[in-house]
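Note that this is a predicted model, so its numbers are computed, not measured.
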Amino acid sequence: MSSAAFILLGSGAGPGAPSFFCDCVGCREAREHPAAIRTRSGALLTTAGQQVLIDTPPDLRQQLLRERVSDVDTLFITHWHYDHFGGIGELEYYVKLKRKQPITLYLPPSARELFHNAFPALEEIFTVQTWEFFRSYPLGELLITPLPARHSIETAGFMVSSPTVRLAYFPDTAGLPPETLPLVQGSDYLICDATFSGENWFPNSHMSIAEAIELGQQAEAKTVILTHISVHYSRPLTSVELQQQLAAHPHVRAAHDGMVIPLSGEGVKR
């Protein structure tokens with residue numbers, strides 16, 4: 001890709017859609033219509049010949065094949081929950097057979113020991129570092145900055161800044177902490193947790209669709225993109241029903257797998 005872009009590799013919550021164990025209306029829709037499939041949430045940042053992953057969901061291999069990604073240079077993990085790190089082993093043979101050198105892996109400080117305990121065979125695959133909240137990491141013409149999210153464990157969202165676009169990515173968060181909200185205020189894009197379609201079972205960890213829309217208004221984001229969407233939780237939901245709900249909110253969009261957001265101010269491509 002010639003210009004910087006942010007690609008949503010997956011847009012689903014932990015169970016994905018369809019789930020093998022579920023026959024709700026959302027899962028039936030995803031079985032019948034591939035465009036409604038939601039793999040687990042993760043993103044790819046492309047810039048200046050670099051390909052940077054944010055999270056490695058269990059569906060990573062399928063996602064990289066779908067987007068025709070053949071190289072990965074850097075990896076940031078938002079937090080140590082399985083639906084966000086479970087695909088990390090998919091990078092092992094890429095490093096061993098093609099890249100021939102470790103990938104820089106930025107982990108939450110609290111996850112470093114957990115990573116080494118869970119994946120001792122991958123220590124040669126990564127150069128492990130820990131990210132720091134509020135520190136900006138340069139990636140070509142871009143900066144990526146971990147910011148505190150409100151979740152059940154230590155979790156970051158990421159502010160991605162280009163010369164013309166500010167994009168905030170918070171796939172797992174219950175609102176935003178007071179130290180974070182001013183830093184995302186007025187963003188061009190706020191991509192945020194909208195796990196629940198009705199009652200929020202975990203109000204200290206996630207948001208409902210209505211709460212995510214409210215957060216976008218509070219943050220004065222120009223465009224709000226709902227992600228980490230579950231079609232199971234609280235009230236089963238189809239993509240068609242979600243689009244009908246969002247019709248009253250023209251600045252709000254539902255994420256879908258493969259959505260591309262140029263970081264040059266051109267607007268969402270697909």
K.L.:
So, Gln63 versus Thr39: side-chain donor-acceptor pair below 3.5 Å or not?
P.N.:
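Looking only at side-chain atoms, Thr39 and Gln63 do form a donor-acceptor pair, the distance falling under 3.5 Å.
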K.L.:
If we count only N and O atoms by modelled type, under 3.5 Å, do the side chains of Glu211 and Asn200 hold a donor and an acceptor together?
P.N.:
yes
K.L.:
Group every Ile, Leu, Val, Met, Phe, Trp and Tyr by side-chain heavy-atom contacts under 4.5 Å, then state whether Leu181 and Met207 land in the same group.
P.N.:
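Yes; Met207 is reachable from Leu181 via cluster members.
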K.L.:
Roughly how far apart are His249 NE2 and Arg253 CZ, rounded to 0.5 Å?
P.N.:
15.5 Å
K.L.:
Say you draw a straight line from CZ of Phe126 to CD1 of Ile77; how long is it, rounded to the nearest 0.5 Å?
P.N.:
8.0 Å
K.L.:
Could you check, using the six-membered ring where one of them is a Trp, whether Tyr106 and Tyr137 have ring centers closer than 6.0 angstrom?
P.N.:
yes
K.L.:
Report yes if the side chains of Gln129 and Thr104 come closer than 4.5 Å at any heavy-atom pair, otherwise no.
P.N.:
yes
K.L.:
In the structure I gave you, are the side-chain heavy atoms of Glu32 and Cys27 within less than 4.5 Å of one another anywhere?
P.N.:
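A side-chain contact is absent here, since even the closest heavy-atom pair is not under 4.5 Å.
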K.L.:
What residue among Thr74, Leu64, Ile103 forms side chain to side chain contact (heavy atoms under 4.5 Å, CB included) with Leu53?
P.N.:
Leu64
K.L.:
Keeping the roles fixed (side chain from Glu29, backbone from Ser239), state whether a donor-acceptor pair exists under 3.5 Å.
P.N.:
yes
K.L.:
Using modelled atom types and a 3.5 Å cut-off, is there a donor and acceptor pairing between side-chain atoms of Ser234 and backbone atoms of Ser197?
P.N.:
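No; zero donor-acceptor contacts below 3.5 Å.
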K.L.:
Please report the shortest heavy-atom distance between Glu67 and Gly258, naming the atom on each side.
P.N.:
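So the two residues come closest at OE2-CA, 3.3 Å.
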K.L.:
Any side-chain to backbone donor/acceptor pair from Asp55 onto Ser41? Under 3.5 Å, distance only.
P.N.:
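Pair absent, no side-chain N/O of Asp55 close to backbone of Ser41.
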K.L.:
Without swapping roles, check the side chain of Thr238 against the backbone of Glu241 for a donor-acceptor pair under 3.5 Å.
P.N.:
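Confirmed, Thr238 side chain pairs with Glu241 backbone.
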K.L.:
Identify each donor-acceptor pair in which a side-chain atom of residues 86-98 lies under 3.5 Å from a protein atom, sequence neighbours left out, and give them as a table.
P.N.:
unit_1 : atom_1 : unit_2 : atom_2 : d
Glu92  : OE2    : Lys96  : NZ     : 2.7
Tyr94  : OH     : Asp71  : OD1    : 3.4
Tyr94  : OH     : Val72  : N      : 3.1
Tyr94  : OH     : Val72  : O      : 3.2
Lys98  : NZ     : Ser70  : O      : 3.1
Lys98  : NZ     : Asp71  : OD1    : 3.2
Lys98  : NZ     : Asp71  : OD2    : 3.3

K.L.:
Does the separation of the ring centres of Trp80 and Tyr82 fall below 6.0 angstrom?
P.N.:
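No.
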K.L.:
So, Thr173 side chain and Gly175 main chain: donor-acceptor pair closer than 3.5 Å or not?
P.N.:
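Between the backbone of Gly175 and the side chain of Thr173 there is a qualifying donor-acceptor contact (under 3.5 Å).
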K.L.:
Could you go step by step and tell me if Thr195 and Ile229 meet the side chain to side chain contact (heavy atoms under 4.5 Å, CB included) rule?
P.N.:
CA-CA 4 Å; Thr195 303; Ile229 296 167; over 6 Å; no
K.L.:
Is Leu237 reachable from Val224 through a run of I, L, V, M, F, W or Y residues, each pair having side-chain heavy atoms under 4.5 Å apart?
P.N.:
yes
K.L.:
Compare every heavy atom of Gly216 with every heavy atom of Leu190, then report the nearest pair and how far apart it is.
P.N.:
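Shortest heavy-atom separation between Leu190 and Gly216 comes out as CD2-CA, 4.0 Å.
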K.L.:
Are Arg40 and Asp59 within salt-bridge range, i.e. N to O under 4.0 Å?
P.N.:
yes
K.L.:
Kindly determine whether Val128 and Phe115 satisfy side chain to side chain contact (heavy atoms under 4.5 Å, CB included), including the steps that lead there.
P.N.:
CA-CA 9 Å; Val128 178; Phe115 165 77; 3.7 Å; yes
K.L.:
Please evaluate residues Arg166 and Asp188 with respect to the criterion salt bridge (Lys or Arg N to Asp or Glu O under 4.0 Å), reporting the C-alpha separation (whole Å), side-chain torsions for both, the decisive distance (0.1 Å), and the verdict.
P.N.:
CA-CA 5 Å; Arg166 294 170 65 239; Asp188 296 284; 5.9 Å; no
K.L.:
Would you indicate whether the side-chain heavy atoms of Phe133 and Pro148 approach each other to under 4.5 Å?
P.N.:
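A side-chain contact under 4.5 Å exists here.
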K.L.:
Report yes if the side chains of Ile7 and Met259 come closer than 4.5 Å at any heavy-atom pair, otherwise no.
P.N.:
no
K.L.:
Within the structure provided, determine whether Phe170 and Thr155 are in side-chain contact (heavy-atom separation under 4.5 Å).
P.N.:
no
K.L.:
Verify the neighbour count for atom CD of Glu214: are there more than 12 heavy atoms of other residues, nucleotides or ligands below 6.0 Å?
P.N.:
no
K.L.:
Can you confirm whether more than 12 heavy atoms, excluding those of Phe21, are under 6.0 Å from its CZ atom?
P.N.:
yes
K.L.:
Rounded at 0.5 Å granularity, tell me how far OG in Ser161 sits from CG in Leu142.
P.N.:
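So the gap between those two atoms works out to 8.5 Å.
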K.L.:
Counting distance only, does the side-chain N/O of Gln185 pair as donor-acceptor with the main-chain N or O of Gln218 below 3.5 Å?
P.N.:
yes
K.L.:
Under 3.5 Å, is there a donor on one side chain and an acceptor on the other for His228 and Asp193?
P.N.:
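Side-chain D/A pair, His228 to Asp193: absent.
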K.L.:
With a 4.0 Å cut-off, would you call Arg99 and Asp73 a salt bridge?
P.N.:
yes
K.L.:
Any side-chain heavy atom of Ile261 within less than 4.5 Å of one from Ile191?
P.N.:
yes
K.L.:
Are more than 12 heavy atoms, taken from residues, nucleotides or ligands other than Phe134, located less than 6.0 Å from that residue's CZ atom?
P.N.:
yes
K.L.:
Provide the closest heavy-atom pair for Leu226 versus Ala194 in the form atom of the first, atom of the second, distance.
P.N.:
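Residues Leu226 and Ala194, closest heavy atoms: CB-CB, 3.7 Å.
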K.L.:
With no hydrogens and no angle check, is any side-chain donor or acceptor of Ser264 less than 3.5 Å from a backbone partner on Pro262?
P.N.:
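Such a contact is absent between Ser264 side chain and Pro262 backbone.
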K.L.:
Look only at the side chain of Arg66 and the backbone of Leu9, and say whether a donor-acceptor pair between them is shorter than 3.5 Å.
P.N.:
yes
K.L.:
Using ring centroids (six-membered ring only for Trp), state whether Trp131 and Phe76 fall under 6.0 Å.
P.N.:
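Not under 6.0 Å, so no.
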K.L.:
Restricting to non-hydrogen atoms, name the atom on Ala4 and the atom on Glu141 that form the minimum distance, rounded to 0.1 Å.
P.N.:
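So the minimum-distance heavy-atom pair works out to CB-OE2, 3.7 Å.
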K.L.:
Do His81 and Ser152 have side chains that approach each other closer than 4.5 Å (heavy atoms only, starting at C-beta)?
P.N.:
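Result yes, sub-4.5 Å side-chain heavy-atom pair found.
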K.L.:
Under 4.5 Å between side-chain heavy atoms, hopping through other hydrophobics if needed: is there a path connecting Ile225 to Leu242?
P.N.:
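No, because Ile225 and Leu242 fall into different hydrophobic clusters, even though each may have its own neighbours under 4.5 Å.
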K.L.:
Any chance you could lay out the side chain to side chain contact (heavy atoms under 4.5 Å, CB included) test for Asp23 and Arg28, step after step, and finish with the verdict?
P.N.:
CA-CA 6 Å; Asp23 193 41; Arg28 288 200 299 271; 3.1 Å; yes
K.L.:
Can you check side chain to side chain contact (heavy atoms under 4.5 Å, CB included) on Glu199 and Ser208, steps first, answer last?
P.N.:
CA-CA 7 Å; Glu199 179 189 358; Ser208 67; over 6 Å; no
K.L.:
For the side-chain hydrogen bond (donor to acceptor under 3.5 Å, both in side chains) test, which of Thr78, Asn204, Asp172 pairs with His151?
P.N.:
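Option passing the side-chain hydrogen bond (donor to acceptor under 3.5 Å, both in side chains) with His151: Asp172.
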K.L.:
Do other residues, nucleotides or ligands put more than 12 heavy atoms under 6.0 Å from Arg31 CZ?
P.N.:
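More than 12 heavy atoms, drawn from other residues, nucleotides or ligands, come within 6.0 Å of this atom.
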K.L.:
Checking Glu154 against His79: is there a side-chain donor and acceptor pair closer than 3.5 Å?
P.N.:
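No pair is found: no donor N or O on one side chain lies under 3.5 Å from an acceptor on the other.
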K.L.:
Whether the side chain of Arg38 engages the backbone of Ala255 through a donor-acceptor N/O pair (distance < 3.5 Å, no angle test) should be reported.
P.N.:
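It does hold such a pair.
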K.L.:
Taking the six-membered ring for Trp and the single ring otherwise, decide whether the centroids of Phe196 and Tyr233 are under 6.0 Å apart.
P.N.:
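Between Phe196 and Tyr233, the centre distance is under 6.0 Å.
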K.L.:
Between the main-chain N or O of Gly10 and the side-chain N or O of Asp257, is there a donor-acceptor pair closer than 3.5 Å?
P.N.:
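No; zero donor-acceptor contacts below 3.5 Å.
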K.L.:
Would you tell me whether Ser136 and Thr145 have side-chain atoms, one donor and one acceptor, within less than 3.5 Å of each other?
P.N.:
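Yes, side-chain donor-acceptor contact under 3.5 Å.
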K.L.:
Grouping I, L, V, M, F, W and Y whenever their side-chain heavy atoms are under 4.5 Å apart, do Ile209 and Leu215 come out in a common cluster?
P.N.:
no
K.L.:
Val184, Ile213: one ILVMFWY side-chain cluster at the under-4.5 Å cut-off?
P.N.:
no
K.L.:
Taking all heavy atoms of Gly140 and all of Ala48, pick out the closest pair and write down the distance.
P.N.:
CA-CB, 4.0 Å
K.L.:
Any side-chain heavy-atom pair from Val52 and Leu75 closer than 4.5 angstrom?
P.N.:
no
K.L.:
Identify the two heavy atoms, one from Pro18 and one from Ile37, that lie closest to each other, and give their separation to 0.1 Å.
P.N.:
CD-CG1, 4.1 Å
